[in-house]
Structures are given as structure tokens and as C-alpha cells.
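Notes for the one structure printed next.
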Amino acid sequence: MAVLGRGVVPVDTPVLRADDLGVLRGDGIFETLHVRAGKPWLLPEHLARMATSAARLDLELPDAAALTDLAVTACTAWRQDVEGALRLVCTRGPEQGGPVTVFATVGPIPEHMRAARRDGIGVVTATLGVAADARRDAPWLLGGAKSLSYAVNMASQRWAGRHGADDVLWISADGYALEAPTSTLVWLDGTRLCTVPPADTGILAGTTARWLLAHAGALGLTAAERMVRPEDLAATNGVWFTSSVRGCVPVRQLDGSPLPESAHTAAIQQLLGYPV
Ligand code: PLP
């Protein structure tokens with residue numbers, strides 16, 4: 001762990017006060033990055049998204065130079081030859097006022113997530129309860145912000161586990177696929193690599209999916225943002241979940257029905273540079 005202004009400290013060092021609003025209300029923001037060869041991947045992109053999250057929560061995030069220094073410092077304490085997950089966290093700080101609390105941790109990528117790159121995952125759909133465009137004009141719902149309030153996300157995944165699935169695909173009240181609790185939906189429609197438009201839907205703009213779609217040309221594919229209904233995914237040429245930690249994972253089953261295996265999975269994973 002590294003703490004802003006304190007450098008690397010043992011991971012059991014106390015960092016948060018008991019009255020920190022990050023703990024009391026989940027009031028704060030975070031980013032999770034892939035650490036490869038001892039360095040955080042797509043750091044500028046994650047810091048840009050973190051700044052967007054901070055603006056949406058009216059949070060005084062330290063500047064990008066300080067956060068870059070924190071991220072790089074935390075990674076110096078991590079092994080070069082082991083891929084890792086770096087978390088950057090900024091909470092609102094003490095309830096009675098005071099500075100934000102900022103720290104970074106690095107840990108291993110869970111083995112089941114690494115295995116899923118090869119084995120794929122089974123997914124169940126679950127409603128998020130809001131229309132696809134509900135968050136566009138409702139800034140208090142914090143669409144597009146990566147806030148610390150992830151209890152619903154984690155509950156969704158536990159619910160999926162109880163139903164024999166590995167993960168959830170959230171569906172809007174009007175029947176569109178949105179995103180997963182910790183990853184972005186990507187699918188292949190012919191030779192067009194697609195994802196859901198973040199600006200219109202309030203989903204999180206995934207850095208991995210954005211990078212992948214920006215480099216689709218290297219795979220001989222084009223890229224587009226599209227709305228899709230879950231029942232239409234079976235007729236596509238591949239469905240994946242992407243995130244900084246998992247990379248690109250093929251979705252093999254949706255609500256118990258098999259999805260077509262894509263010939264492009266290995267090339268996408270290689271392009272993204274995640275070990276399989
Ligand atoms: N959507 C949600 C809700 C997430 O929490 C995440 C990542 O944690 C993603 C999508 C994927 O984003 P990224 O590729 O930037 O990791």
C-alpha cells in the first residue's frame with residue numbers, strides 16, 4: 001500500500017479514520033488498473049476517468065501528477081513478473097470536514113479471473129431497475145462515476161453465484177443490455193466490434209473496452225457504440241466482458257443458453273496484452 005504524502009507502508013497500516021465518509025457512506029471514488037511488468041497500464045486514461053468521477057461527486061481529488069506519483073510508488077513495491085491489480089482510492093475524508101483520504105493498494109489478480117480468460121464465463125441477466133436513458137439527465141444518480149458505493153454491484157454478483165452463474169449482465173427497465181457490475185459488455189456484429197454508449201446510458205466508460213475499440217483496426221474490425229437487447233446477443237459473432245483486472249473474457253452462456261464461440265477471442269486477448 002502507498003499513502004499520499006507517506007509513500008509505501010505495510011498494508012496493515014491504519015489509513016482511514018472511523019468517521020471517514022468513505023466508510024460511513026461509501027462516499028468516495030476509485031480506479032482499478034492492470035499492473036504489467038511492474039507498471040500501471042493506461043494510467044492517464046484511468047486518471048482522466050477518476051477526475052470525471054471526482055467532478056460528479058464534488059470531490060477535491062489531488063492533481064494528476066500527485067496521483068501518478070502515488071500509483072508508480074505503489075507499483076515499485078510489487079513484483080515485476082507478477083500481474084497485479086492497482087487500486088487508487090479517494091474518500092471524502094472525516095465527517096466533520098477535512099482533507100480527502102487518498103491511498104493505493106496493489107494485489108494479485110484472483111486466479112478465477114485469470115482462468116476465465118481461457119474458460120469463459122456463464123452470465124445471467126438481472127434488471128438494474130432504471131430505463132436506459134434515466135441517468136443521462138439525473139446527475140445525482142452518478143452515472144459514469146466510479147464511486148465507492150459498490151454494494152449493489154457485489155450483491156448482484158453474489159446473486160448470480162447463487163443461480164449457478166459467474167457474473168451478471170445488468171438490463172435496463174426498458175430491456176437493453178447495459179454493463180456488468182465490474183466490467184463492460186463488448187460484442188462482435190459481423191466485423192463491427194460494439195459496446196454500449198456510456199454517455200447516453202450512465203454506465204461506466206470502460207477503459208479496456210475503449211482501448212480495444214480504438215484499436216479494432218489492428219484486428220481488421222471496425223468499432224461502434226450501439227444499444228443491444230440481451231436476446232439479440234445470441235445472433236452475434238462473439239460476446240465478451242472486459243475490465244482492467246480480467247482483460248477480455250468470453251461469455252459462453254447467457255441465461256443458460258450457449259453463446260457462439262468467437263474465432264476472434266485469442267487475437268483480442270493478445271492485442272490487449274493479458275496473459276491467458
Ligand atoms: N463497468 C463497471 C461498473 C466497472 O466497475 C468496471 C471496472 O471495474 C468496468 C465497467 C470496466 O472498466 P475498466 O475497463 O476501466 O476496468
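Atoms within each ligand, like the ligands themselves, are counted from 1 in listed order.
In the displayed structure, Arg229 atom CZ is contacted under 6.0 Å by more than 12 heavy atoms of other residues, nucleotides or ligands. With a 6.0 Å radius and a threshold of 12 heavy atoms from other residues, nucleotides or ligands, Glu261 has its CD atom at or below the threshold.
Considering backbone and side-chain atoms alike, Glu179 places an N or O below 3.5 Å from some N or O of ligand 1. Polar contact check, Thr208 against ligand 1: a nitrogen or oxygen pair lies under 3.5 Å apart. Checking only distances, Arg49 does come within under 3.5 Å of ligand 1, N or O to N or O. Of the polar atoms of Thr207, at least one N or O is found under 3.5 Å from an N or O of ligand 1, judged by distance alone.
Against a heavy-atom cut-off of under 4.0 Å, Ser244 is close to the following atoms of ligand 1: 13 (P), 14 (O), 15 (O), 16 (O). Atoms of ligand 1 found under 4.0 Å from any heavy atom of Ala180, numbered from 1 in the order shown, are 1 (N), 2 (C), 3 (C). Applying the 4.0 Å criterion to heavy atoms of Thr184 picks out, from ligand 1, the atoms 9 (C), 10 (C), 11 (C). Against a heavy-atom cut-off of under 4.0 Å, Tyr150 is close to the following atoms of ligand 1: 2 (C), 3 (C), 4 (C), 5 (O).
Closest to atom 9 (C) of ligand 1 by heavy atom, among Ser243, Gly144, Ser183, Gly206, is Ser183.
At a 4.0 Å cut-off, at least one heavy atom of Lys146 sits close enough to ligand 1 to count as contact. Heavy atoms of Arg210 come nearer than 4.0 angstrom to ligand 1 in no pair at all.
By the 4.0 Å N-to-carboxylate-O rule, Arg114 lies too far from Asp119 to be salt-bridged with it. For Arg117 and Glu83, the salt-bridge test passes: some basic side-chain N is under 4.0 Å from an acidic carboxylate O. Under 4.0 Å is where a charged nitrogen must lie from a carboxylate oxygen, and between Glu31 and Arg49 at least one such pair does.
For the pair Leu33/Leu42, no side-chain contact is recorded, criterion being any heavy-atom separation below 4.5 Å from C-beta on. Leu16 places a side-chain heavy atom less than 4.5 Å from the side chain of Thr91.
Rounding to the nearest 0.5 Å gives a distance of 10.5 Å between CE of Met227 and OG1 of Thr195.
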